[in-house]
Amino acid sequence: MSDPLLDSLNPEQRAAVTLPHESALILAGAGSGKTRVLTTRIAWLIQTGRVSPHGILAVTFTNKAAKEMMTRIAAMLPINTRGMWVGTFHGLANRLLRTHWREAGLPQSFQILDAQDQLSAVKRLLKSLNIDTEKYEPKKVQGYINGHKEAGRRARDADAHDEYSMQLAELYEAYDAQCQREGVADFPELLLRAYELLYRNEPLRQHYQTRFRHILIDEFQDTNALQYRWLKLFAGRDTALFAVGDDDQSIYAFRGANTGNMLEFEREFAHGRVIKLEQNYRSHGNILTAANALIERNLHRLGKSLWTADGEGEPIRVFEAFNDQDEASFVVDEVKALNREGTALSDMALLYRSNAQSRVLEHALFTAGVAYRVYGGLRFFERQEIKHALAYLRLLTHPEDDGAFLRVVNFPTRGVGARTVEQLADAAAHAGASLWQAACTASGKVAAFARLIEGIKQATAGLTLAETIDHVIEASGLADHYRADKDGADRLENLNELVNAAALFSEEAEDDTLDAFLSHAALEAGEHQAEPGRDALQLMTVHAAKGLEFHAVFITGLEEGLFPHEQSAHDERGLEEERRLMYVAITRARRRLYLSHAQSRMLHGQVRYGFASRFLAELPDAVLLPLNRRTATRDTPAPPVPRAAPAGHGTGYRIGQCVAHARFGTGIIIDFEGRGPDARVQVKFGDAGTKWLALAYAKLSPA
DNA sequence: CATATTCTCTTTTTT
DNA sequence: AGAGAATATG
């Protein structure tokens, strides 16, 4: 029997899509059609009448993935998908809490704190309790709180044995109390609250457990402890869980993702029903050979090996540059050549381990006139001018929000300084009231601010969302402030863009209240720099590249200390995660892959000398094509000789030079100090690390 | 109270 | 190098 949904699937994919009503784990390698299987499964379940859209819960990690899933399902099924719950963990938790806010113990219009907001809330708490921020760093406290929430632990469940941990637990408790008082919830709180809601509320739990007959989870390897418990709670006796993931692509362990959930899931739910999707439809053979060889070095994995029906394809090109600039110019040349041969710029990606590395690359691209687009960095709803405008809006709908109050009480400056705010905070604390309430009974400039907000509230009653925001931007003085600022043009434009975003939101969303828009802003921070339509080279970190694919991929900065990053290279777990990251990077490429490293590069304002990444050595030589120094032609500049590094005051050594030591082996001179008999050099050795050596004693020889 | 200056800290990041 | 925060100065 032929079914158009299933015809184009391979046997494993088809088996996964048509699994009976039981839980199962799908181990889906990179490029094996993971999303396709997930969406086809949903379409198949509905089309064959096994479940109505109402009985489906599909969870992803990013908004992008959720949208993609919706689009694909809609393309396969000509029915309305309204009743289906498809979204991110946080989006779905938010939906649940908005519906059952009373049972969850939240105010109806509770606000969501993003990571920035949360950090300032923590700082504010520490300040109000007179806590030494040297000893209890705000970031650490935030990490502590989130760590516990993500493990499903409240302050009372935190183990506190010594003074330090007891204090942390108390801070956690006080922080939650502050949030409750102000009617706000941070990201992990959304999940924990939703979890507790269902956990404690039997009828509600039963309702959802009966309703969702199929729960499907994407990128299962990225779930943390709380998310896993969350899923278990939603699953009733008759619910089938369909988890799709790839342990080899787990790159978020550093923020709590637990690959162990996959093993746990297999034991608890799948009972051995595991389907491996190993046929890769993306990359040519050599690229997969390299990826497989690399990932096999990891000991902690479920085991899986990609293969392709395509040919070997081209070898992987490896380039060693003198320095970061040389590397960048190599990339530019290759990109231009590929582009001339017909590859669209947008089908090529430039990947790096950390955002800071993009600068040099951008500079070279800009100079060469190559269009490019950088992903990452500040996103729309995270910009300060946008956050200011949103804070005014939050104050309108939810005056108890002290965080919002503090953000804008003196922005634009209206003569309310730190001193005044402190007094206000004292008054509020005494009266057990919010800053807003205290402000309403105050006099002078604070009272003027309160009148301003009241005035805006009245003036915007009955206006549409976009009109309201427009009014707020003008009446608050934000617009004037940025108009007066000579560098404010961009910010002003962004504020206009916010009004447009609101208008668009009103058109698309079912619920276009101010509260809904604010949730939207917090949960979906917005595209990075939406500038579609233009053909541009894609620049991003390896993390940001997960889930994407390109004709040609450049992985740059393959040096020890950078990739693998030195922070992670010390322990086995960190190193395995770095290796998975490299695996993700390699498997982004369809046809052509470039790996480059530089002998030296500017880092934190100074030149650093590094060795080639160990990951390069872990790839089989047979698939690599070392590109020797480009043959200098008339129009290429002479190869940059390691720049006239400060000579070692006539000692015959210079920075950047390779030397050999009887005991430590070979290394590179990275610093120089003193002169004459006291002269010392700092040498970075391959195995022995970095050492200061006195030239008078150490027997060094040029290598 | 607002603005200029110095100091500090730099992995990855979604929600 | 460069941003953001803490701190000194007008």
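Quick note: numbers below take in every heavy atom, side chains included, and nothing from hydrogens, waters or symmetry partners. No experiment lies behind these values; they were computed from the predicted model shown. Labels below follow one simple rule: chain letters A, B, ... track the order of the sequence lines, proteins then strands, and each chain is numbered from 1.
Using a 4.0 Å heavy-atom cutoff across all strands shown, A/Y252 reaches sugar-phosphate atoms only and no base atom. In this structure, A/N410 reaches the sugar-phosphate backbone alone: every heavy-atom distance under 4.0 Å involves primed, P, OP1 or OP2 atoms, never a base. Among the heavy atoms of the strands, none lies under 4.0 Å from A/V542. A/A115 comes within contact range of at least one nucleobase, with a heavy-atom separation under 4.0 Å.
Within the cation-pi definition used here (under 6.0 Å to the ring centroid, within 45° of the axis), A/R255 qualifies as a partner of A/Y252.
For B/dC1, neither phosphate oxygen OP1 nor OP2 lies less than 4.0 angstrom from any side-chain nitrogen or oxygen of A/T413. At B/dT15, one or more side-chain N or O atoms of A/N63 fall inside 4.0 Å of OP1 or OP2 (strictly under the cut-off).
When rounded to the nearest whole Å, the span between NZ of A/K139 and P of C/dG4 equals 11 Å. Between the C1' atom of B/dT14 and the CZ atom of A/F381 lies a distance of 16 Å, rounded to the nearest Å. Note: CD (A/Q142) to C1' (B/dT15) measures 13 Å, nearest angstrom. Distance A/H481 NE2 to B/dT3 C1': 12 Å, rounded to the nearest Å. Rounded to whole angstrom, the span from the CG atom of A/L92 across to the C1' atom of B/dT15 amounts to 12 Å. One can place CZ of A/F411 at 16 Å from C1' of B/dC1, the figure rounded to the nearest angstrom. Between A/L523 atom CG and B/dT13 atom P the separation is 20 Å, expressed in whole Å. Atom CG of A/D324 is separated from atom C1' of C/dA1 by 12 Å (rounded to the nearest Å).
By the stacking rule of 5.5 Å between ring centres and under 30° between planes, A/F254 stacks on the base of B/dT12.
Inter-residue side-chain proximity for A/Y175 and A/D186 is flagged as met; some heavy-atom pair is nearer than 4.5 Å. When side chains are defined from C-beta on, A/T88 counts as touching A/N63, because their heavy atoms get closer than 4.5 Å. Considering only heavy atoms from C-beta on, A/V446 comes within 4.5 Å of A/T420 through its side chain.
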Are any protein N/O atoms closer than 3.5 Å to N/O atoms in nucleotides 5-7 of chain C? If there are, list each pair with its distance.
none

Sub-3.5 Å pairs of nitrogen or oxygen atoms, protein against nucleotides 6-11 of chain B:
residue	atom	partner	partner atom	Å
B/dT11	O4'	A/H565	NE2	3.2
B/dT11	O2	A/R353	NH1	3.4
B/dT11	O2	A/R353	NH2	2.5

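In this structure, the ring of A/Y208 has its center less than 6.0 angstrom from the ring center of A/H100. Aromatic pair A/W101/A/F110: centroids not less than 6.0 angstrom apart.
For A/R124, the side-chain hydrogen bond (donor to acceptor under 3.5 Å, both in side chains) test picks out A/E182, with sequence neighbours left out.
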query: Going through the checks in order, is the ring-ring contact (aromatic ring centres under 6.0 Å, His included) test met by A/H481 and A/F411?
result: CA-CA 9 Å; A/H481 177 265; A/F411 194 96; 4.8 Å; yes

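Paired with A/M69 under the rule side-chain contact (heavy atoms from CB on, under 4.5 Å), one option of A/V86, A/V59, A/T35 passes, and it is A/V86.
Residue whose closest nucleotide on DNA chain B sits further toward the 5' end, between A/V416 and A/F89: A/V416. The residue among A/E577 and A/R414 whose nearest nucleotide of DNA chain B is located toward the 5' end is A/R414.
Look at A/D117 and A/R394 and you find a salt bridge, because one of the NZ, NE, NH1 or NH2 atoms lies within 4.0 Å of a carboxylate O, short of that distance.
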